[in-house]
Amino acid sequence: MSKLSKLVTDPINLNNPITVQVLGICSALAVTVKLEPAVVMSLSVTFVIAFSNVIISLLRNTIPTRIRIIVQLVVIAFLVIIVDQFLKAFVYDVSKQLSVFVGLIITNCIIMGRLEAFALGNKPFPALLDGIGNGAGYGIILIIVAFFRELFGSGTIWGLQVIPQALYDAGYENNGLMILPPMALIVVGAIIWIQRGSFKSLQEK
Amino acid sequence: MNVQSNTYTFIYAVVMVIIVAVGLSLTSISLKNRQQSNIEKEKKQSILKSIGIECTRDQAVDLFSTYVKNVYAIDYQGQKIDGVDAFSLDLAVEQAKSDETQRYYPVFECENNGTKLNVFPVRGKGLWGPIWGFVALEGDFNTVYGVTFDHKSETPGLGAEITTADFQAQFVGKQIFNDLNEFVSILVKKPAQYNPNDLHEVQGFSGSTLTCNGLQDMLENSLKPYEKFFLSHQ
């Protein structure tokens, strides 16, 4: 059991896809201006990664080696298009904010990486856990970054004003740099710094 | 069975593609109505925004019937015609018709606080994909009351800035006809060449020249067909 639970907890911290493996940075920079799209993006990626992991794991003994990358891509693309269609039908505004980035989940290297490295060689249940763990590890970083960017960039959390008007009247201004992608990179960098500082096992000798 | 043989690989690929295609078609068909209604509501929301009514997508349906008094279509000579569902006219389809005389253009007649306004759709090409929007003109069919723009895939932070309130606010009060009553549209100038006193230009963004040019062409090409209509009502 501890081995199975490690599949979920490892990618959240010590083997985090963004901060430790440094994968999937592009979307982490692009959709973290506000909290809401970041959460939807995290859920979408978790959904895609978990289900593609399960599907590939179920098919793993039938997939011809020569076309396995194509099979993986078809499965991922299939799931991403379904997610995209559902977002357009049920959360239209968020789907507009995410715009091209939903389609770009297909090219998110975390997903292909998990399929190649894990799903092709493991049973469906561990594959599902691995997918959820990696999705959550990706999501948690997105949400942390989006929290700080929205708070300091727009003065809001989930669209609600949290920095009081009195502070603005006293001369406080939102930090425009927080809205721009470079600041997301710096926030991710700061998270990596804190994480490495606190966990000895992540430091190179 | 030999999983690595050519025949198996080939059949595997074909079956996989068919299953995926069927799955995607079913999803698309079953969600189509819902997506379509979202797009329609958004259209109503944008039209309302161009006449200065801010609302959510769900409120848009009710408010649309309150503020929009009449929707009709005109032909290429600016004559009102009957028998066309003006609200559903798709500018992309109309612009693609090779025969100019067969193109129809919608007019949305609105009233906000007793002011009569007319809203006209515009559509053109940005850098990466289509851009579109609505232009609300005052009763003189010359002065801009408000605009909304939207885009499919312009670069966030650059071309996508055309959707910002600051950019769109620049259009308010600009005029599409010059003193000689010739149609001149509104130009989108580079920041360095921009003259704030000119009634026929707004300031674009550095780094987004192609989107700005696209927007300028869009305004000219989409409003030009209405020229006769504008002149006959002025």
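The basis for the numbers below is simple: all heavy atoms, side chains too, and nothing from hydrogens, waters or symmetry mates. By convention in this document, chain letters (A, B, ...) are assigned in the order of the sequence lines, proteins followed by strands, and residues within each chain are numbered from 1.
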NZ/NE/NH1/NH2 to OD/OE distance under 4.0 Å, B:E40 and B:K43
no

With a 4.5 angstrom heavy-atom cut-off, could you sort out which part of A:V75 is near chain B: side chain, backbone, both or neither?
neither

Given heavy-atom pairs under 4.5 angstrom as the criterion, report whether the side chain, backbone, both or neither of B:S37 touches chain A.
neither

Please flag which part of A:L180 lies under 4.5 Å from any non-hydrogen atom of chain B: side chain, backbone, both or neither.
neither

A:N61 versus chain B, heavy atoms under 4.5 Å apart: side chain, backbone, both or neither?
backbone

Go through the atoms of B:D150 and report whether side chain, backbone, both or neither lie under 4.5 Å from a heavy atom of chain A.
side chain

From CA spacing to verdict: side chain to side chain donor-acceptor pair (under 3.5 Å), B:E201, B:Y194:
CA-CA 7 Å; B:E201 60 184 55; B:Y194 170 65; over 6 Å; no

Are there over 12 heavy-atom neighbours, none belonging to B:K41, within less than 6.0 Å of that residue's NZ?
yes

What option among A:I81, A:I63, A:I70 has the most heavy-atom pairs under 4.5 Å with chain B?
A:I63

Single hit among A:I49, A:I111, A:T46, A:I18 for side chain to side chain contact (heavy atoms under 4.5 Å, CB included) with A:Y138:
A:I18

Step through it carefully: locate the ring centre of B:F64, locate the ring centre of B:F87, and say whether they are under 6.0 Å apart.
yes

Less than 4.0 angstrom from a charged side-chain N to a carboxylate O is my criterion; do B:K116 and B:E138 meet it?
no

Toward chain A, the part of B:Q36 with a non-hydrogen atom under 4.5 Å
neither

With chain B, which of A:L59, A:T62, A:V33 has the greatest number of heavy-atom pairs at distances under 4.5 Å?
A:T62

